[in-house]
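Structure first, commentary second.
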Amino acid sequence: MEVVTRIAPSPTGDPHVGTAYIGLFNYVFARRHGGRFIFRLEDTDRQRYQAGAEARILEMFAWLGLRPDESPEAGGPNGPYRQSERLAVYHAHVEELLASGRAYRAFETAEEIEAMRLEQKRLNKPIGYDGRGRDLPPAEQARRHAAGEPNVVRLITTDEGSTTFRDRLRGDVTIPNSEIRDPVLMKSDGYPTYHLANVVDDHLMGVTHVIRAEEWVTSTPIHVLLYRAFDWDLPEFIHMPLLRNPDRSKVSKRKLDTSVDSYRQQGFLPEALLNFLANMGWSMPDGREYFGMKDMTAEFDIDRVSLGGPVFDLKKLRSFNAKYLRDILPLEEVAGRVKPLLEDEGYDCSDEDYLLDVVDVLRPRAETLVELVDQAGYFFRETLRYDESARKQLASGQTFLQDIERELSMLEFFDYDGVDDMLRDYVQEQAVPMGKVLMPLRAALTGTTNAPGVTDLIVILGKRESLARIGKALTFIDAGLPDDDPHRLLEEEKARKAAAEEARKSRVKSVGAPPAAPATGGKGSR
RNA sequence: GGCCCCUUCGACUAGCGGUUAGGUCACAACCCUUUCAAGGUUGCGGCACGGGUUCGAAUCCCGUAGGGGUCACCA
């Protein structure tokens, strides 16, 4: 039988790392078994619905490279893939349960239910619907419903006995039926609850393996009861461990950045995020920790999932990202991804070789694309700003800079070895520690003291530019290291931003369709 | 609180009756070095606890403790 899995997110907010996590395992499991992976939108909560969330979730999957075989976008034989467009299906199934006496219409108002809850609390009784609406004769239910009286449809459940289902990872799980209290299947607004819609859709769409988060374990018996009520075969249930906040509670945006858009904006790479997520609760048979989707798919074994809830550790994510940046992705690939970000800063990246050199020397020094861009300024800016440590170095390096300027201008072989030899010879001549000479030089070339090797800098910048920068630094020293003119800096900043805007426009034009709207805010949303 | 699930270094994990309990991240030290990184070497640090079963338990069973989830007309 063909394997069919699905991811069924709700469009209620930012694309969530948990959705990516569960999506990843569904995707890989389907791929591993030559099956299909379905994306279904569970948009049955009209209160929490957020327009635009669907597109952003789909965009997240596209970014991660987890392509659904069927989705609202891609279509497929089992559509529609939005539950809000399947209401007729749910109503038909509810009618079936009503007709066979397995469900009933309950007419209690929200206030009545609340009062019942309070009463149960007061008497220290178990909380939950007490089945009081069950006894209303079916004809009466139908009459009141037809009369337009608000109601919900509930599944009839017994308190006797227990319900057992098999979880692939946990074995048999048994829950007393007394814990299941006539769950609502159809809400009074005519939308199905998760339980009903989920079961109906999974069945109709041919889902064979339900891979979802552990939080669903305790409601699985409801689903089992529904499958039985419809006389349908059960899918296999596989409950993944829950991703955790650093304090071990279930991941939440209160305690952790759970927005994949946010990570994307911070310059994280989809490959790194996926690889990081893949290591949460799962491991390669051979113990490899760095692997791509192809390898994961080839080796995937769902039974290797471990059940302790893994803490989402940002430091580890960063280290994965850094690893991909500096070691795993080819230089050209990294350059290609940094380029648009540099252009957004107004930097000119038209010289491909220069860009490659810059990225090459910067990537072991950055953990994210954004950090790389932040460090790249001095490679692209017209005028350098000298930070405090740089000023200090310049103040003590005037004669060295003058000498180096002369030596460099006379240098015959301008390549790495040539420059390196020149510098070393000069330092030896002067009989001073390397840093005495090289730190002022680094300051002159970059405006800062944390930067790549001086030889690298000179070779990348080129003889001309290096000499120009040394010259400017000397002028700056002559002027007595004046403070930056805030007005001038502001002007420059403005000019760069304008250039960036230009760059953005031309890029959009050349690429065609504009990129998806970037995620905004979302911080105050709920 | 009831019910359900889980439990190996600070974090992610390997282990599936016999291992000096291994790896990665983090942290620390040292090396390299021209600053910052990267890289190399080393170190730190763990089987929650108590009972069984067994010649032998991190591994199997029971209990305790701890953690988490769930008890909605949210998913």
Side-chain angles (χ1 to χ4, degrees), chain A residues 8-10 12 42-45 47-48 106 108-110 113-114 117 121 124-129 150-154 162 167 169-170 173-176 178-181 183-195 197-198 212-221 239 241-242 244 246-250 276 279-290 304 306-320 322-323 326-327 361-367 375 389 393 423-424 427 433-439 441-443 446 448-455:
Chain A
S10 299
T12 54
E42 308 230 326
D43 56 346
T44 56
D45 184 337
Q47 260 70 48
R48 295 202 304 156
E108 293 82 19
T109 62
I113 297 293
E114 182 56 25
R117 199 192 316 277
K121 214 166 195 171
N124 238 323
K125 298 257 255 214
I127 291 177
Y129 186 71
N151 65 87
V152 299
V153 177
R154 289 180 182 274
S162 59
D167 178 278
L169 305 172
R170 278 160 259 261
V173 176
T174 300
I175 292 186
S178 55
E179 295 291 318
I180 307 166
R181 334 258 321 184
V184 172
L185 303 178
M186 189 66 76
K187 299 183 271 188
S188 60
D189 63 3
Y191 280 72
T193 58
Y194 170 86
H195 305 303
N198 183 267
R212 67 200 344 174
E214 185 178 8
E215 57 188 329
W216 293 106
V217 167
T218 43
S219 48
T220 302
H239 291 97
L242 228 29
R244 308 289 187 87
D247 69 2
R248 294 211 167 269
S249 54
K250 162 170 98 165
F276 169 72
N279 279 296
M280 309 263 82
W282 191 75
S283 59
M284 274 284 202
D286 64 4
R288 244 180 310 165
E289 277 162 333
Y290 297 107
R304 288 187 61 80
S306 58
L307 296 176
V311 170
F312 189 101
D313 182 7
L314 190 58
K315 274 193 177 161
K316 186 123 182 176
L317 206 210
R318 294 182 67 85
S319 89
F320 266 90
K323 181 77 177 170
R326 93 176 90 89
D327 278 339
V361 79
L362 250 26
R363 67 175 175 160
R365 296 175 163 79
E367 291 190 316
Q375 289 178 58
S389 63
Q393 291 299 335
L423 290 174
R424 281 173 199 285
V427 169
M434 279 267 187
K436 276 277 183 213
V437 176
L438 297 183
M439 286 310 287
L441 186 49
R442 174 176 290 107
T446 66
T448 182
T449 50
N450 291 169
V454 167
T455 307

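Labels below follow one simple rule: chain letters A, B, ... track the order of the sequence lines, proteins then strands, and each chain is numbered from 1.
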Check: G69(B) base within 3.5 Å donor-acceptor of Glu214(A) side chain: no
If you pin Arg117(A) and Lys323(A) to their nearest nucleotides in RNA chain B, which one's is more 5'? Lys323(A)
Remember a base hit wins even if backbone is also touched, and classify Ser10(A) as base, sugar-phosphate or nothing at under 4.0 Å, heavy atoms. sugar-phosphate
In this structure, CD of Glu289(A) is separated from NZ of Lys323(A) (nearest 0.5 Å) by 10.5 Å
Using Watson-Crick or G-U wobble geometry with both distances below 3.5 Å, tell me the partner of C71(B), or none. G1(B)
Using only atom types and a distance under 3.5 Å, with no angle test, would you say the side chain of Arg304(A) pairs donor to acceptor with the backbone of Met284(A)? yes
Within the 4.0 Å heavy-atom criterion, would you say Ser283(A) contacts the bases, only the backbone, or no part of the nucleic acid? sugar-phosphate
Given that Glu179(A) and Val184(A) both sit by RNA chain B, which one's nearest nucleotide is further toward the 5' end? Glu179(A)
Ignoring hydrogens and geometry beyond distance, is the side chain of Ser188(A) in donor-acceptor contact with the base of C73(B) at under 3.5 Å? yes
Separation of C36(B) P from Arg442(A) CZ (nearest whole Å): 9 Å
Lys436(A) atom NZ is separated from U35(B) atom P, nearest whole Å, by 14 Å
Between P of A11(B) and CG of Leu314(A), the distance in whole Å: 16 Å
Which whole-number value in Å describes the distance from Ile175(A) CD1 to C71(B) C1'? 10 Å
Starting at CZ of Arg212(A) and ending at P of C5(B), how long is that distance when rounded to a whole Å? 16 Å
Gln375(A) side-chain N/O to Leu362(A) backbone N/O, donor-acceptor pair under 3.5 Å: no
What is the distance, rounded to the nearest whole Å, between atom NZ of Lys250(A) and atom P of G68(B)? 13 Å
